[in-house]
Student: 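Dropping the structure in here first, questions after.
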Amino acid sequence: MLRVGVNGYGTIGKRVADALAAQPDMKVAGVAKRTPNFEATAAHRAGYAVHAVGDAAPFAEADIPVAGDLDDLVAVSDVVVDCTPAGVGARNREVYEAHDTPALYQGGEDAEAVGASFNARANYDEIARGDAEHVRVVSCNTTGLSRVLTPLAEAYGVEKTRATLVRRGGDPGQSDRGPINDILPDPVTVPSHHGPDVNTVLPDLDIDTMGVTVPATLMHLHSVNVTLESDVDAEAIRETLADESRIFMVPEHARVAGPGHLKELAKDAGRPRGDLWENCVWEESIATEGRDLYFFQAIHQESDVVPENVDAIRALVGDADAAESVVRTNRALGVGRFDAPTDRVATTGGAAASADD
Ligand SMILES: NC(=O)C1=CN([C@@H]2O[C@H](COP(=O)(O)OP(=O)(O)OC[C@H]3O[C@@H](n4cnc5c(N)ncnc54)[C@H](O)[C@@H]3O)[C@@H](O)[C@H]2O)C=CC1
Ligand SMILES: O=C(OP(=O)(O)O)[C@H](O)COP(=O)(O)O
């Protein structure tokens, strides 16, 4: 049983901790938190050993028992998943190195500062074969792009990708973010950082991205145009993407107008926190014209990276290949399952699926 510590218990950290706890081959060694807020209380109530980063006294005042400090957590962990705010993770690296403990970082960290980047569909095997001990799981938007572009490149070849990312202004709990009444080119310079970030896991892909930030909190929405290397009809593309376990093909009959409906769909399905771990591709948006493909997809920024973190741990410690890990993660979480309770769990994942699943 692999003992995994989670440093930073916010939007991503609490979801990663719960996902690890659900895995048959992992247990949460504990979580580390700097501020004893409602999330720290929730961590304690969930049964996680809470470690204080910095002053432990405020935790006692908030009636949160403290199991130790960050060093103590790293000492009892085989791997650490750093889910601290962007930029903090890279500063924590020396703590993990001092314990000789491998660590994962999140998309807010600078790719070069960490060294290796990960997306299960794009480069699991490369990370598993390599000797990197510090690996960054690419950001939510980059995860969403990598998951669709990898199977398209494998099946048809990709000559060029152009994507406009309509970015949510902040997460639902981030009352200090915006804009509240505007539409911002973000960044105003082209390309946005997302294309180069895709190249950290798919180095040969030709991709340009533009970003626009809007007053919304639920999900990001991507408008994607891919020039393929051969003529393909829309039905073939639908079949290719439908084979992917982390792509949810939003059916026309569901009458899903946007992220608001998608979040309701997830809550109705009993998903924890209303999470959508999969890319949500509108089936009817898929259109082709010669070699040009167009579609819309929505990305739940709070949760699509969660199964990727679980797989990245297995790639790092080398105890499963991509197919085994993706199937194990999907089963434990219920990725691909929307009609709970059910015995139907999607287990396919293109090249990342095992033959007998
Ligand atoms: N929220 C999102 O949509 C996504 C975030 N990410 C990335 O994940 C990382 C974490 O982001 P969020 O979870 O959104 O942030 P968050 O602000 O929700 O959570 C960060 C947590 O770390 C704690 N913390 C702050 N300083 C700390 C320290 N020095 N040591 C330990 N804990 C500390 C905070 O109290 C909080 O609990 C960032 O790199 C971000 O870019 C990646 C994909 C999506
Ligand atoms: O990784 C994310 O977005 P990004 O892929 O646009 O950098 C998350 O949604 C966090 O983005 P934020 O930097 O707007 O908080």
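Values in this document were obtained by computation on a predicted structure and should not be read as measured data. Starting from 1, each residue takes its place in the sequence as its number. Counting convention: from 1, in listed order, for ligands and their atoms alike.
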Student: Could you tell me whether C83 approaches ligand 1 through its side chain, its backbone, both or neither, with non-hydrogen atoms closer than 4.0 Å?
Tutor: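 Looking at C83 and ligand 1, just backbone atoms fall under 4.0 Å.
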Student: So, 4.0 Å and heavy atoms of H193: is ligand 2 close enough to count as a contact?
Tutor: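 For ligand 2, residue contact (heavy atoms, under 4.0 Å) with H193 is present.
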Student: Within less than 4.0 angstrom of ligand 2, does C140 place any heavy atom?
Tutor: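 The answer is yes, since C140 has a heavy atom less than 4.0 Å from ligand 2.
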Student: I'd like to check which ligand 1 atoms, numbered from 1 as shown, lie under 4.0 Å from a non-hydrogen atom of Q106.
Tutor: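 Ligand 1 atoms under the 4.0 Å threshold to Q106: 7 (C), 8 (O), 9 (C), 39 (O).
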Student: Should E278 and F338 count as side-chain neighbours, where that means a heavy-atom distance under 4.5 Å?
Tutor: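 SC-SC contact between E278 and F338 confirmed.
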Student: As an exercise, identify every atom of ligand 1 less than 4.0 angstrom from a heavy atom of A86.
Tutor: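 Listed by number with element, the hits are 38 (C), 39 (O).
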Student: For ligand 1, which is the ligand I care about here, please tell me if K33 has any N or O atom under 3.5 Å from one of the ligand's N or O atoms.
Tutor: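 Looking only at distances, the answer is yes, because the N/O contact criterion of under 3.5 Å is met.
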Student: Between L70 and ligand 1, which part of the residue brings a heavy atom under 4.0 Å of the ligand: side chain, backbone, both or neither?
Tutor: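 Neither part.
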Student: Give the atom numbers and elements of ligand 1 that come within less than 4.0 Å of a heavy atom of G108.
Tutor: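 Contacts of ligand 1 toward G108, numbered from 1: 39 (O), 41 (O).
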Student: Do ligand 1 and E302 have nitrogen or oxygen atoms that lie under 3.5 Å from each other?
Tutor: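 Between E302 and ligand 1 (N or O atoms, distance only) the closest approach is not under 3.5 Å.
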Student: Answer side chain, backbone, both or neither: which part of V53 comes under 4.0 Å from ligand 1, heavy atoms only.
Tutor: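 Side chain only; the backbone of V53 stays clear of ligand 1.
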Student: Backbone, side chain, both or neither: what part of V88 comes under 4.0 angstrom of ligand 1, heavy atoms only?
Tutor: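 The answer is the side chain.
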Student: One residue to check: R168. Relative to ligand 1, which of side chain, backbone, both or neither has a non-hydrogen atom less than 4.0 Å away?
Tutor: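 Under 4.0 Å from ligand 1, R168 contributes side-chain atoms alone.
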Student: Determine the interplanar angle of the Y105 and Y96 rings, folded into 0 to 90°, and report it as parallel if under 30°, tilted if 30 to 60°, perpendicular if over 60°.
Tutor: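 Tilted, since the angle between the ring planes falls between 30° and 60°.
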Student: With respect to I12, determine whether any N or O atom, backbone or side chain, lies less than 3.5 Å from an N or O atom of ligand 1.
Tutor: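 Such a contact does occur with ligand 1.
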Student: Roughly how far apart are D82 CG and H134 NE2, rounded to 0.5 Å?
Tutor: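 If I round to the nearest 0.5 Å, the distance is 11.0 Å.
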Student: Give yes if a backbone or side-chain nitrogen or oxygen of H194 is under 3.5 Å from a nitrogen or oxygen of ligand 2, and no if not.
Tutor: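 Yes, at least one N or O pair falls under 3.5 Å.
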Student: For ligand 1, find out whether one of its N or O atoms is nearer than 3.5 Å to an N or O atom of P85.
Tutor: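 In this structure, P85 places no N or O atom under 3.5 Å from an N or O of ligand 1.
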Student: Given E308, R167, Q301, identify the one with the heavy atom nearest to atom 3 (O) of ligand 1.
Tutor: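 Closest candidate by heavy-atom distance is Q301.
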Student: Under 4.0 angstrom from ligand 2, any heavy atom of H220?
Tutor: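 Yes; H220 lies near enough to ligand 2 that a heavy-atom distance drops under 4.0 Å.
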Student: Would you check if the side chain of S303 reaches a backbone N or O of L276 as a donor-acceptor pair within less than 3.5 Å?
Tutor: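 Present.
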Student: Evaluate Q301 for polar contact with ligand 2, using N/O atom pairs at a separation under 3.5 Å.
Tutor: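 Min N/O separation from ligand 2 is not below 3.5 Å for Q301.
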Student: So which bit of D171 gets within less than 4.0 Å of ligand 1, heavy atoms only: side chain, backbone, both or neither?
Tutor: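 Within the 4.0 Å criterion, D171 contacts ligand 1 through side-chain atoms alone.
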Student: Look at atom 4 (P) of ligand 2 and find which of V138, L165, N141 reaches it with the closest heavy atom.
Tutor: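 Checking each option, the heavy atom nearest atom 4 (P) of ligand 2 is found in N141.
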Student: Using modelled atom types only, decide if a donor and an acceptor are shared between the side chain of Q297 and the backbone of N279 within a distance under 3.5 Å.
Tutor: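 Between the backbone of N279 and the side chain of Q297 there is no qualifying donor-acceptor contact (under 3.5 Å).
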Student: Heavy-atom distances under 4.0 Å are what count here, so tell me which part of H300 touches ligand 2: side chain, backbone, both or neither.
Tutor: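 H300 to ligand 2: no contact under 4.0 Å from either part.
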Student: Taking N or O atoms only and a 3.5 Å limit, does N92 qualify as a polar contact for ligand 1?
Tutor: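 Among all N and O atoms of N92, none is under 3.5 Å from an N or O of ligand 1.
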